[in-house]
> 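Okay, here's the structure, questions in a sec.
A, B, ... follow the sequence lines: proteins, then strands. Residue 1 opens every chain.
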Amino acid sequence: MNFFERVYQIVRKVPAGKVTTYGAIARSLGTKDARRVGQALHANPDEGEVPCHRVVDKDGRLAPNFAFSTKGRSAFGGDGWQEQRRRLLAEGVKFRDVIHVDLSKHLWKLE
DNA sequence: CCGATGACGCGCC
DNA sequence: GGGCGCGCCATCG
């Protein structure tokens, strides 16, 4: 099982209304390279199976260039984080401000 | 082959 | 707090 698959496996376990962070995932995989986790999600093969909008950075900030590039291009241009925010709000996630998730209430602890 | 890049994070100023 | 530099390492040009 490669790195990407392991990232997806973890993200799939995050329940609706909860979020996790790139760094937390990286550490649970035994690496400090959070950037590679981001790469994996950017190459996310199927949003339906991997709820990548539930992954934020360590400050709860949404991905500035969040986008589904699975088909080779981003579907939301440079404002993908807006789509990410909508999805989280729809799941009941609260925000500290327009782009920061309230981690103290929604951070999901990895197994 | 090599340098630049990036859905990140942390330490310093 | 905002901005900058560096480490990280697979990919890309």
> Between CG of A:Leu88 and CD of A:Glu83, what distance do you get to the nearest 0.5 Å?
10.0 Å

> How many angstroms lie between atom CG of A:Leu29 and atom CD of A:Gln9, to the nearest 0.5 angstrom?
9.0 Å

> Where along residues 56-63 of chain A does a heavy atom come under 4.0 Å from DNA chain B, residue by residue in number order?
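Result for residues 56-63 of chain A: A:Asp57, A:Lys58, A:Ala63, sorted by number.
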
> Could you pull out all residues at least two apart from A:Arg6 that satisfy salt bridge (Lys or Arg N to Asp or Glu O under 4.0 Å)?
none

> Tell me the closest heavy-atom pair linking A:Val14 and A:Pro51, and the distance in Å.
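Heavy-atom minimum between the residues: O-CG, 4.4 Å.
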
> For A:Ala43 versus A:Phe4, what's the shortest heavy-atom pair and its separation?
CB-CE2, 3.8 Å

> Reading DNA chain C from 5' to 3', where do the contacts with chain A start and stop? Cut-off is 4.0 Å to heavy atoms.
C:dG7 to C:dA10

> Can you list, in residue-number order, the parts of residues 19-28 of chain A that come under 4.0 Å of DNA chain B, counting heavy atoms only?
A:Tyr22, A:Gly23

> How many Å lie between NE2 on A:His42 and P on B:dT5, as a whole number?
16 Å

> Report all side-chain donor-acceptor pairs from residues 96-103 of chain A shorter than 3.5 Å, counting only partners two or more places apart or in another chain.
residue: A:Asp97; atom: OD1; partner: A:Ile99; partner atom: N; Å: 2.9
residue: A:Asp97; atom: OD1; partner: A:His100; partner atom: N; Å: 2.9
residue: A:Asp97; atom: OD1; partner: A:His100; partner atom: ND1; Å: 3.1
residue: A:Asp97; atom: OD2; partner: A:His100; partner atom: ND1; Å: 3.1
residue: A:Asp102; atom: OD1; partner: A:Ser104; partner atom: N; Å: 3.3
residue: A:Asp102; atom: OD1; partner: A:Ser104; partner atom: OG; Å: 2.6

> With no hydrogens and no angle check, is any side-chain donor or acceptor of A:Gln84 less than 3.5 Å from a backbone partner on A:Leu62?
no

> Measure from CG on A:Leu29 to C1' on B:dC8 and round the result to the nearest Å.
14 Å

> Write down the distance between CH2 (A:Trp81) and P (B:dC8), rounded to a whole number of angstrom.
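One finds 15 Å between P of B:dC8 and CH2 of A:Trp81, rounded.
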
> Which residue lies toward the 5' end of DNA chain B, A:Arg35 or A:Lys32, if each is placed at its nearest nucleotide?
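On the 5' side of the pair lies A:Arg35.
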
> Using whole Å, report how far CG of A:Leu41 lies from P of B:dA7.
11 Å

> Give, for atom NZ of A:Lys58 and atom CG of A:Leu107, the distance between the pair rounded to the nearest 0.5 Å.
8.5 Å

> Looking at residues at least two apart in the chain, or sitting in another chain, which of them share a side-chain contact (heavy atoms from CB on, under 4.5 Å) with A:Ala16?
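Partners of A:Ala16 under the side-chain contact (heavy atoms from CB on, under 4.5 Å) test: A:Arg54, A:Glu91.
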
> Check A:Ala26 against A:Lys32 and note the closest heavy-atom contact, atom names and distance.
CB-C, 4.4 Å

> Taking the side chain as everything from C-beta on, heavy atoms only, tell me whether A:Val11 gets closer than 4.5 Å to A:Asn44.
no

> Based on Watson-Crick and G-U pairs with both distances under 3.5 Å, what dot-bracket line describes DNA chain C 5' to 3', crossing pairs as [ ] and inter-strand pairs as |?
.||||||.|||||

> Enumerate the side-chain hydrogen bond (donor to acceptor under 3.5 Å, both in side chains) contacts for residues 10-28 of chain A, please, sequence neighbours excluded, ordered by first and then second residue.
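Pairs touching residues 10-28 of chain A that pass the test: A:Lys13-A:Glu111.
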
> To the nearest angstrom, how far is A:Asp33 atom CG from B:dG6 atom P?
15 Å

> Strictly below 4.0 Å, heavy-atom distances to any atom of DNA chain C: list the hits from residues 91-102 of chain A, or just say none.
none

> Got a donor-acceptor contact below 3.5 angstrom from the A:Glu49 side chain to the A:Tyr8 backbone?
no

> Within the 4.5 Å heavy-atom criterion, are A:Val37 and A:Phe3 side-chain neighbours or not?
yes

> Which atom pair, heavy atoms only, marks the closest approach of A:Ala24 to A:Leu110?
O-CD1, 3.2 Å

